[in-house]
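Keep in mind it's a predicted model, so treat the numbers as computed, not measured.
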Amino acid sequence: MKKCMFVVSLLLCCMAVFAQQGKVEDYVSGSHLNELKSKGKVEIIHGEKDTSLNLIPSTSYKSKIDSQKIAKGSKNVPFVAEFLYLVPKSELKAKGSRKLDNITIDEVSTVFRSISKMQGMQYDFNKAGKGKVLYEKVHMISSLSSDAPIPDQNTGNANGQVSYCYQDDDVYGDLKFTLNYFQEGNVLYSTFLLGVPMYRLGVKAVDPNNLKISIMAIDVGDSLLLYLTTDVAANSIPLVNVRKEVQDSMIARMDAVYRWFLTQF
């Protein structure tokens, strides 16, 4: 009888884990699913007049992402890009240093709240695969009005967590962001919202609250589905091709986040 109860409990546990993980087909469909499965990646760099979001995985957070896009005024230069990756957990284990037996959404939650580990992150890779350091310094702070570093707030369930971070960016200098985290079941969703003006060569390139990076990670069994989007309403600057500069800059930073993520397990 005890053996039977143990087997039943084990089966129920396995079913619960499987139900939490889901399948990639539950979140992506159509041509995007086909491309994702064949290439491992789908990306959309939207045109200047197209600020829609087409790659958001079908989760309970989809409407939140869609309804909280950055507002673009007639004087703004808009930029929106989306990236969707299907990353085998075996690849994460091979590239990481922590030698985890299993990679869960809780582990992913810890990674995206370990802000200090972004220090030294590389970007702008050349053909030889060598990059430049993106952040000389990066750490959590207690508020947007503070500069003093605090330890990463990366334990427990992330749902509802609001944090703040400072970044010493290679191009834009001192930046601060408000970080919002949501975690439920097999899904983690987080946003990095610019909290201070972003300057370029002494000129205000982006106002506070006009740049948002969103990240969604979904456990789909033997892989992680990773969605990244950057949403910007930049300021027009005379004699500067702001659209091209923002596009090159943001794409390089999204690539840096993805490369960094691959090595954190």
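Only one option out of Val196, Leu144, Ile141 pairs with Tyr166 in a side-chain contact (heavy atoms from CB on, under 4.5 Å); it is Ile141.
Between the side chain of Thr263 and the backbone N or O of Trp260 there is at least one donor-acceptor pair closer than 3.5 Å. Formation of a donor-acceptor pair under 3.5 Å by the Asp124 side chain with backbone atoms of Gly131 is not found in this model. For the pair Asn126 (side chain) and Gly129 (backbone), a donor-acceptor distance under 3.5 Å is present. The closest donor-acceptor contact from the side chain of Gln167 to the backbone of Leu175 lies at 3.5 Å or more, if one exists at all. Put simply, the side chain of His32 never gets that close to the backbone of Val42: no donor and acceptor are under 3.5 Å apart. Judged purely by atom type and a 3.5 angstrom limit, Ser38 uses its side chain to pair as donor or acceptor with the backbone of Glu35. Counting only distance, with no hydrogens or angles, the side chain of Ser29 and the backbone of Glu25 share no donor-acceptor pair below 3.5 Å. At distances below 3.5 Å, not a single donor-acceptor pair connects side-chain atoms of Thr178 with backbone N or O atoms of Gly195.
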* To do: Step by step, work out the side-chain hydrogen bond (donor to acceptor under 3.5 Å, both in side chains) result for Ser114 and Asp152.
  => CA-CA 6 Å; Ser114 298; Asp152 291 329; 4.7 Å; no
* Asked: Can Lys89 and Leu224 be said to form a side-chain contact (heavy atoms from CB on, under 4.5 Å), step by step?
  -> CA-CA 7 Å; Lys89 291 181 180 179; Leu224 291 177; 4.1 Å; yes
* Test side-chain contact (heavy atoms from CB on, under 4.5 Å) applied to Leu194 and Asn209, step by step -> CA-CA 5 Å; Leu194 182 68; Asn209 302 316; over 6 Å; no
* Could you check Lys75 against Asn235 for side-chain contact (heavy atoms from CB on, under 4.5 Å), going step by step and ending with a plain yes or no? => CA-CA 7 Å; Lys75 295 182 179 180; Asn235 297 324; over 6 Å; no
* Take Tyr189 and Tyr181, measure what ring-ring contact (aromatic ring centres under 6.0 Å, His included) needs, and give me the verdict at the end. => CA-CA 6 Å; Tyr189 166 51; Tyr181 296 94; 9.7 Å; no
* Which is it for Asp26 and Ser58 under the side-chain contact (heavy atoms from CB on, under 4.5 Å) test, yes or no, and what are the steps along the way? -> CA-CA 7 Å; Asp26 297 332; Ser58 297; over 6 Å; no
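A distance of 4.5 Å separates CG in Asp255 from CZ in Arg259, rounded to the nearest 0.5 Å. The NZ atom of Lys69 sits 11.0 Å away from atom NZ of Lys212, with the distance rounded to the nearest 0.5 Å. Annotation: the span from Gln183 atom CD to Ser190 atom OG amounts to 10.5 Å, rounded to 0.5 Å. Atoms OG1 and NZ, on Thr59 and Lys64 in that order, are 10.5 Å from each other to the nearest 0.5 Å. Rounded to the nearest 0.5 Å, atoms CG (Leu86) and CG (Leu225) are 6.5 Å apart. To the nearest 0.5 angstrom, Lys41 atom NZ is 11.0 Å from Leu84 atom CG.
Contact between Ile103 and Leu100 at its shortest, heavy atoms only, is CG1-CD1, 4.2 Å. Across every non-hydrogen atom of Ile105 and Gly185, the tightest pair is CG2-O, 3.4 Å. The nearest pair of heavy atoms linking Leu188 to Ala158 is CD1-CB, 4.2 Å. The shortest non-hydrogen separation linking Ser223 to Pro88 is OG-CA, 3.5 Å. The heavy-atom pair separating Pro208 from Pro197 by the smallest distance is CG-N, 3.6 Å. Here the closest non-hydrogen pair linking Asn186 and Gly22 is ND2-N, 4.2 Å.
For Lys93 and Asp101, the salt-bridge test fails: no basic side-chain N is under 4.0 Å from an acidic carboxylate O. Salt bridge absent: Asp222 and Lys23 never bring a charged side-chain N and a carboxylate O closer than 4.0 Å. At a threshold of 4.0 Å, the pair Asp248-Lys244 counts as salt-bridged, since one of the basic side-chain nitrogens sits closer than that to a carboxylate oxygen. Taking 4.0 Å as the cut-off between side-chain N and carboxylate O, Glu107 and Arg98 count as a salt-bridged pair. With respect to Asp169 and Arg253, a salt bridge is recorded, a charged nitrogen being found less than 4.0 Å from a carboxylate O.
In this structure, the ring of Tyr85 has its center less than 6.0 angstrom from the ring center of Tyr258.
Side-chain atoms of Arg113 and Gln161, non-hydrogen and from C-beta on, do get closer than 4.5 Å to each other. The shortest side-chain heavy-atom distance between Leu211 and Ile213 falls under the 4.5 Å cut-off. With contacts defined as side-chain heavy-atom distances shorter than 4.5 Å, the pair Thr51/Lys72 qualifies. By the 4.5 Å heavy-atom criterion applied to side chains, Ile251 and Ile45 are counted as neighbours. Inter-residue side-chain proximity for Asp50 and Val80 is flagged as unmet; no heavy-atom pair is nearer than 4.5 Å. By the 4.5 Å heavy-atom criterion applied to side chains, Ser60 and Lys62 are not counted as neighbours. Using a 4.5 Å cut-off on side-chain heavy atoms (C-beta onward), Ser236 and Asn76 make no contact. The shortest side-chain heavy-atom distance between Phe177 and Leu193 does not fall under the 4.5 Å cut-off.
A chain of hydrophobic side-chain contacts below 4.5 Å, direct or via other Ile, Leu, Val, Met, Phe, Trp or Tyr residues, connects Phe79 to Val206. No path of Ile, Leu, Val, Met, Phe, Trp and Tyr side chains, each step under 4.5 Å between heavy atoms, connects Tyr27 with Phe261, placing them in separate hydrophobic clusters. Clustering ILVMFWY residues whenever any of their side-chain heavy atoms sit less than 4.5 angstrom apart, transitively, puts Met118 in the very cluster that holds Phe265. By the rule that hydrophobic residues join a cluster once side-chain heavy atoms approach within less than 4.5 Å of another member, Ile215 and Tyr164 end up as members of separate clusters. There is a path of hydrophobic side-chain contacts, each under 4.5 Å, that joins Val232 to Val242.
Side-chain contact, Glu82 with His46: a donor N or O sits under 3.5 Å from an acceptor N or O. For Tyr199 and Asp174, the side-chain atoms include no donor-acceptor pair closer than 3.5 Å.
Looking at residues two or more places apart in sequence or on another chain, you find no side-chain hydrogen bond (donor to acceptor under 3.5 Å, both in side chains) involving Gln122.
Around atom CD of Glu136, no more than 12 heavy atoms belonging to other residues, nucleotides or ligands sit under 6.0 Å away.
A cation-pi geometry, defined here as NZ or CZ lying under 6.0 Å from the six-membered ring centre and within 45° of its normal, does not hold between Lys130 and Phe125.
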